[in-house]
Amino acid sequence: MIEIAVVRNNAPEVVEKLKVKNFDASGIIERLQQVDAERRQTQKELDDMLSEGKTLAKDIGRLFKEGKGEEASELKERTSVIKQKTKVLQEQLNNLSREQNDLMVQLPNLPHESVPAGNTVEDNIIVSSHGSLPQLHDAALSHWDLAKKYQLIDFEWGNKITGAGFPVYKGFGARLQRALIAFFLDEAIEAGYTEYQPPVLVNEDSAFATGQLPDKDGQMYHIPLDNLYLIPTAEVPVTNFFRDTILNEEDLPVKSTAYSLCFRREAGSYGKDVRGLNRLHQFDKVEIVQVTHPEKSYQALEEMVEHVSMLLKKLELPFRVARLCGGDMSFAAALTYDMEVYSAAQKRWLEVSSISNFETFQSNRMKLRFRNKQGKNELAHTLNGSALALPRILAALLENNQTEKGINIPKVLQPYFRTAMIQ
RNA sequence: GGAGAGGUGGCCGAGUGGUCUAAGGCGCACGCCUGGAAAGCGUGUAUACGUCAAAAGCGUAUCAAGGGUUCGAAUCCCUUUCUCUCCGCCA
């Protein structure tokens, strides 16, 4: 969530900026200002009352010790009044704090000044394009047909044992997945990220901290018996490593990478968008996460875009980079770049990575701070990006590299894949 | 799943109703001492909210979390949670 001080000091600016995200914050902000002022007033009154009670309790204790029981009893009468009042004030304060918090979590993150206004993908800005679009022969197949032809993926088996959106990879398909994961992790490690294998189930606190709760409740698989959530991305566990943590300034940036399974309910999706590997309930992804100094976060964002670009170039896939417009951005992001590869048989751009700077939005929720040079604690910035999501990379690789003889494997994957062509 | 023992500052660890404003130790920082270092000595060393233009200072809360008893709770009671040990199950 954004910081209360920002609301307190720049309310009109907050409302203005959130318009870029198509969010009308005026009502919430107005109420917040009232609640914040009342809360502070109440806290002051309560603190004073508690202070008086504390002093009295000490006096009473002292008097008892000195054997002046009668004087002590007189003081006791005053304490009952104080008790009554503190109880009422405490309750008021709790209510106000709760209301303030409820309002705060409804506010999306403020967009960076470079975020274009707009509602849909049409309003996203294509920042750059790389590589040339492959020309396929007339008999070119979609990746789901190729998967069948070469026995790479069995969608039917997945359907049978679980349901739609849970494919079974087999043979060269499974091996290609394994090769990609190893390649992505090795590249991330090379770029200075530390590798982790996180849990794929997280608790409520973790899901809240990175912003999945309460905003995207229905998008995650939930296990009620233990109140745990299946992660939609490794961002959730990895960023939460640093929940309630105060880092040293010299430890920044903290760069982490993790391969994990990801689970998304994708409620309401249907049609050709979800055909084949285009949209799954369970998929594989290597994620990169950074915790940075606030002054370095946009530099880190560029670096992450560069990293993912490098991966796509090495995989010889044509891709483009889009800066998302306000309406297309997530609740928690301040600035997001999407990376899209061209899938030649489908003739579509597929989103394979989303790289975002959350500034202090997540760190404020999870109390992730660092001790700055002045010795004060300051919220760090968090960022993350896919590097990369497997299924659509797989789709593009299969479609773009198909020939009459078989499917070519990019050079960079061959050491991992141990074969140059799927036949 | 059953039984038992626990959760105290960055860490170890004392503390069973009233200067707990949490002993002591370790670590860390600064200073003294030293040719330099070590040892020694001294000082300091949490987080949040509030107050203040800000800092300092001050107030309040925090001894796993929440509630209760009491004039007063780290300490007593209840609930929850987590960790450890043993048993059971188990890759």
Problem - Enclosure of A/Gln33 CD (heavy-atom neighbours >12, cutoff 6.0 Å) - result: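 Yes.
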
Problem - Exceeds 12 heavy-atom contacts within 6.0 angstrom, atom CD of A/Gln299 - result: no

What's the gap between [N] and [M] when it is taken at their [atom1] atoms, as a whole Å value?
{"N": "B/G4", "M": "B/G17", "atom1": "C1'", "answer": "28 Å"}
{"N": "B/C71", "M": "B/A64", "atom1": "C1'", "answer": "28 Å"}
{"N": "B/U47", "M": "B/C32", "atom1": "C1'", "answer": "32 Å"}
{"N": "B/A73", "M": "B/G25", "atom1": "C1'", "answer": "27 Å"}
{"N": "B/G50", "M": "B/A55", "atom1": "P", "answer": "12 Å"}
{"N": "B/C20", "M": "B/G35", "atom1": "C1'", "answer": "47 Å"}
{"N": "B/U51", "M": "B/G42", "atom1": "C1'", "answer": "34 Å"}
{"N": "B/G24", "M": "B/G15", "atom1": "C1'", "answer": "11 Å"}

Does [N] pair with anything, Watson-Crick or G-U wobble, both distances under 3.5 Å, and if so, with which nucleotide?
{"N": "B/U75", "answer": "none"}
{"N": "B/A91", "answer": "none"}
{"N": "B/A22", "answer": "none"}
{"N": "B/U81", "answer": "B/G7"}
{"N": "B/C86", "answer": "B/G2"}
{"N": "B/U70", "answer": "none"}
{"N": "B/G17", "answer": "none"}
{"N": "B/G50", "answer": "B/C58"}

Handout entry: Residue of the set A/His293, A/Glu295, A/Gln362, A/Glu359 for which side-chain contact (heavy atoms from CB on, under 4.5 Å) holds with A/His381
Key =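 Option passing the side-chain contact (heavy atoms from CB on, under 4.5 Å) with A/His381: A/Glu359.
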
Completion exercise
With sugar-phosphate taken as primed atoms, P, OP1 and OP2 and all else as base, the protein-contact string of nucleotides 62-78 of chain B at under 4.0 Å (heavy atoms; B, S, -) is --------BBS------

Exercise for the section: Using the test ring-ring contact (aromatic ring centres under 6.0 Å, His included), find all partners of A/Tyr221 that sit at least two apart in sequence or belong to another chain. Expected result: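 ring-ring contact (aromatic ring centres under 6.0 Å, His included) check on A/Tyr221 returns nothing, list empty.
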
Round to the nearest Å and state the distance from [X] atom [atom1] to [N] atom [atom2].
{"X": "A/Leu89", "N": "B/A61", "atom1": "CG", "atom2": "P", "value": "14 Å"}
{"X": "A/Asn377", "N": "B/A55", "atom1": "CG", "atom2": "C1'", "value": "16 Å"}
{"X": "A/Asp226", "N": "B/G1", "atom1": "CG", "atom2": "C1'", "value": "14 Å"}
{"X": "A/Met104", "N": "B/A48", "atom1": "CE", "atom2": "P", "value": "16 Å"}
{"X": "A/Leu63", "N": "B/U19", "atom1": "CG", "atom2": "C1'", "value": "15 Å"}
{"X": "A/Arg369", "N": "B/G10", "atom1": "CZ", "atom2": "C1'", "value": "14 Å"}
{"X": "A/Leu50", "N": "B/A48", "atom1": "CG", "atom2": "C1'", "value": "15 Å"}
{"X": "A/Leu96", "N": "B/G50", "atom1": "CG", "atom2": "P", "value": "13 Å"}

Pairs of donor and acceptor atoms involving the side chains of residues 386-394 of chain A, under 3.5 Å and at least two apart or interchain, shall be tabulated with distances.
from	atom 1	to	atom 2	distance (Å)
A/Ser386	OG	A/Ser354	N	3.3
A/Arg392	NE	A/Asn278	O	2.7
A/Arg392	NH1	A/Glu351	O	2.7
A/Arg392	NH2	A/Asn278	O	2.8

Using a 3.5 Å cut-off and no angle test, enumerate the donor-acceptor pairs between side-chain atoms of residues 184-191 of chain A and protein atoms at least two apart in sequence or in another chain.
from	atom 1	to	atom 2	distance (Å)
A/Asp186	OD2	A/Tyr416	OH	2.6
A/Glu187	OE1	A/Lys314	NZ	3.2
A/Glu187	OE2	A/Lys314	NZ	3.1

Practice task
Please list all pairs passing the ring-ring contact (aromatic ring centres under 6.0 Å, His included) test where one or both residues lie in residues 101-120 of chain A, with sequence neighbours left out.
Solution key: A/His112-A/Tyr298

Does [N] have its OP1 or OP2 closer than 4.0 Å to a side-chain nitrogen or oxygen of [X]?
{"X": "A/Arg371", "N": "B/G10", "result": "no"}
{"X": "A/Arg62", "N": "B/G18", "result": "no"}
{"X": "A/Arg40", "N": "B/U60", "result": "no"}

Practice task
With heavy atoms under 4.0 Å as the rule, sort A/Leu46 into base, sugar-phosphate or nothing.
Solution key: nothing

Practice task
Describe the nucleic acid contact of A/Arg78 in one word from base, sugar-phosphate, nothing, applying a heavy-atom distance below 4.0 Å.
Solution key: nothing

Practice task
Go through the steps to decide whether A/Gln100 and A/Asp36 satisfy the test side-chain contact (heavy atoms from CB on, under 4.5 Å), and finish with yes or no.
Solution key: CA-CA 7 Å; A/Gln100 177 172 323; A/Asp36 180 46; 3.6 Å; yes

Between N or O atoms, less than 3.5 Å apart, protein on one side and nucleotides 57-59 of chain B on the other: list the pairs.
from	atom 1	to	atom 2	distance (Å)
B/G59	O3'	A/Ser51	OG	3.2
B/G59	N2	A/Asp47	OD2	2.8

Problem - Residue closer to the 5' end of RNA chain B, A/Lys367 versus A/Thr55 (nearest nucleotide) - result: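 Final value for this comparison: A/Lys367.
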
Exercise for the section: Select from A/Ile246 and A/Ile4 the residue whose nearest nucleotide in RNA chain B is closer to the 5' end of that strand. Expected result: A/Ile246

Problem - Quiz item: cation-pi between A/Arg264 and A/Phe283, 6.0 Å / 45° - result: no

Practice task
Would you please test A/Met329 and A/Lys21 for side-chain contact (heavy atoms from CB on, under 4.5 Å) and show each step?
Solution key: CA-CA 8 Å; A/Met329 256 167 52; A/Lys21 279 196 166 182; 3.4 Å; yes

Handout entry: A/Thr233 side chain reached by A/Lys285 side chain, heavy atoms, under 4.5 Å
Key = yes

Practice task
Measure the shortest side-chain to side-chain distance between A/Phe155 and A/Phe166 over non-hydrogen atoms and say whether it is less than 4.5 angstrom.
Solution key: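 Of all side-chain heavy-atom pairs linking A/Phe166 with A/Phe155, none is under 4.5 Å.
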
